[in-house]
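Note that this is a predicted model, so its numbers are computed, not measured. Note that ligands are numbered from 1 as they come in the structure, with each ligand's atoms numbered from 1 the same way. Side chains are part of it too, since the values below use all heavy atoms of this structure and drop only hydrogens, waters and symmetry mates.
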Amino acid sequence: MRLVIMGPPGAGKGTQAAKIVEKYNVPHISTGDIFRQNLKKNTPLGLKAKEYMDKGLLVPDEVVVAIVKDRIMQEDCKDGFLLDGFPRTAPQANALDEVLEEMDARLDKVINIDVAKDVLIERAVGRRVCKNCGATYHVKYNPPGREGACDVCSGEIIQRDDDKKETVVKRIEVYLEQTQPLIQYYKDKGLLANINGQQEIEKVFDDITQSIGREI
Ligand code: ADP
Ligand code: ADP
Ligand code: ZN
């Protein structure tokens, strides 16, 4: 199954993606995670991405497209994958169409998580992540069992550099300008599942699995 999950910063993509890949047993490809993992290792890619991420801007298309192309052509993506946070611009969506065509494959569903702006800010600013494994928490809505320690790996829980309020506001602006138009693009292709993201995490997940189940 080939899936895309999209939505504004803080909508709950990563949270839902973790549950989707567990249920459907497909690789989770998060471009944000790829950049953060590279930054942790101080690779040239990580350092380049950081310049944009810290300002709330998108990493240039050619950089992101090359990474995603390379990743989805790997053996473990042969039968499916979940793209999380990609595509985010029209050129990225076109590049994805091209690479799928080369693979003689097509997307099964594009899941769009819909959340109002004030809620997004509260979610992103209250987000905490595990420094070690990247698991996502929220100070109020999804705290770890033991304060400051990851439920999965006991790693340290930290705040992302780009989750400061000013940067979050900028990221939402960038989303509205560059990413939101893709909703119509996928609607026109008949692939869109619009999901109300302002519900309990489990309810959002139920709606997602139902929308996938109807088609596959
Ligand atoms: P995204 O990947 O879209 O930026 P995340 O999955 O990281 O979003 O979620 C953003 C923040 O909101 C996290 O702190 C997460 O724990 C929290 N969150 C996610 N889904 C919900 C929800 N349905 N209700 C309340 N908080 C949520
Ligand atoms: P969120 O969904 O909360 O904004 P992500 O982890 O998906 O968080 O992305 C974090 C940052 O990584 C983005 O603000 C952007 O700078 C960069 N990034 C991630 N995916 C892409 C992409 N497809 N194109 C360009 N930049 C990206
Ligand atoms: Zn962890």
- At what distance is the nearest protein heavy atom to atom 10 (C) of ligand 1, and which residue and atom is it? Gly10 O, 3.6 Å

- Task: Could you tell me which non-hydrogen atom of Gly32 sits nearest to which non-hydrogen atom of Met53, and how far apart they are?
- Result: O-CE, 4.4 Å

- Query: Short N/O distance, under 3.5 Å, between Asp162 and ligand 2?
  - Reply: no

- Any link between Leu120 and Ile201 through a network of hydrophobic side chains (Ile, Leu, Val, Met, Phe, Trp, Tyr) touching at under 4.5 Å? no

- Message: For a quick check under 3.5 Å, do Asp188 and Gln184 share a side-chain donor-acceptor pair by atom type?
- Response: yes

- Of all protein heavy atoms, the one nearest atom 18 (N) of ligand 1 is Arg123 CD, 4.0 Å

- Note on the structure: Which of Arg171, Arg128, Arg123 passes side chain to side chain donor-acceptor pair (under 3.5 Å) with Asp163? Answer is Arg171

- Do any nitrogen or oxygen atoms of Arg160 lie less than 3.5 angstrom from nitrogen or oxygen atoms of ligand 2? yes

- Message: Other members of the hydrophobic cluster containing Tyr137, with the 4.5 Å side-chain heavy-atom rule, please.
- Response: Val152, Ile157

- Contacting atoms of ligand 1, where contact means under 4.0 angstrom from a heavy atom of Ile201: 20 (N), 21 (C), 22 (C), 23 (N)

- Message: Using the rule that Ile, Leu, Val, Met, Phe, Trp and Tyr join whenever any side-chain heavy atoms are under 4.5 Å apart, tell me whether Leu45 and Leu39 fall into a single cluster.
- Response: no

- Taking N or O atoms only and a 3.5 Å limit, does Phe35 qualify as a polar contact for ligand 2? no

- Under 4.5 Å between side-chain heavy atoms, hopping through other hydrophobics if needed: is there a path connecting Val21 to Val129? no

- Note on the structure: Counting heavy atoms under 4.0 Å, the part of Gln199 that contacts ligand 1 is backbone

- Message: Less than 3.5 Å apart, any donor N or O on the side chain of Asp207 or Gln199 sitting next to an acceptor on the other?
- Response: yes

- Query: Please state which protein non-hydrogen atom is closest to atom 6 (O) of ligand 1 and give its distance, to 0.1 Å?
  - Reply: Thr15 OG1, 2.6 Å

- What angle sits at the Zn ion (ligand 3) between SG of Cys133 and SG of Cys153, to 10°? 120°

- Closest non-hydrogen contact found for Thr31 with Val64 is CG2-CG1, 3.8 Å

- Item | Nearest heavy-atom neighbours spanning Arg127 and Gly10 | NH2-N, 4.4 Å

- Val64: numbered ligand 2 atoms lying under 4.0 Å from its heavy atoms: 22 (C), 23 (N), 24 (N), 25 (C)

- Task: Run the numbers for me: atoms of ligand 2, each under 4.0 Å from some heavy atom of Leu57, listed by number.
- Result: 15 (C), 16 (O)

- Numbered in order shown, the ligand 1 atoms found under 4.0 Å of a heavy atom of Tyr141 are 25 (C), 26 (N)

- Message: So for ligand 1, is Tyr137 a polar contact partner (N or O within less than 3.5 Å, distance only)?
- Response: yes

- Note on the structure: ligand 1 to Pro8, heavy atom cutoff 4.0 Å, flagged ligand atoms 3 (O)

- Item | For atom 20 (N) of ligand 2, closest protein heavy-atom neighbour | Thr31 OG1, 2.7 Å

- Could you check if a side-chain atom of Thr167 sits within less than 4.5 angstrom of a side-chain atom of Lys55, using non-hydrogen atoms only? no

- Query: Looking only at N/O atoms, are Arg127 and ligand 2 under 3.5 Å apart anywhere?
  - Reply: yes

- Message: Are any of the N/O atoms on Pro87, whether in the backbone or the side chain, positioned under 3.5 angstrom from an N/O atom of ligand 2?
- Response: no

- Quick one: does Ala124 get a heavy atom under 4.0 Å from ligand 1? no

- Item | Cluster overlap Val110 with Tyr185, hydrophobic side-chain contacts below 4.5 Å | yes

- Task: Tell me which one of Arg171, Arg88, Gln92 gets a heavy atom nearest to atom 5 (P) of ligand 2.
- Result: Arg88

- Ligand-side contact atoms (ligand 2) for residue partner Pro9, heavy atom cut-off under 4.0 Å: 1 (P), 2 (O), 3 (O), 4 (O)

- Query: Between the main-chain N or O of Gly56 and the side-chain N or O of Asp162, is there a donor-acceptor pair closer than 3.5 Å?
  - Reply: no

- Message: Quick check: Val59 and ligand 2, any N/O pair under 3.5 Å apart?
- Response: yes

- Task: May I ask you to decide whether Glu173 forms a salt bridge with Lys170, counting only side-chain N to carboxylate O separations under 4.0 Å?
- Result: yes

- Considering the heavy atoms of Arg36, write down every atom of ligand 2 situated less than 4.0 Å from one of them. 6 (O), 10 (C)

- Query: Which one of Gly134, Gly12, Gly126, Gly14 has a non-hydrogen atom at the shortest distance from atom 2 (O) of ligand 1?
  - Reply: Gly14

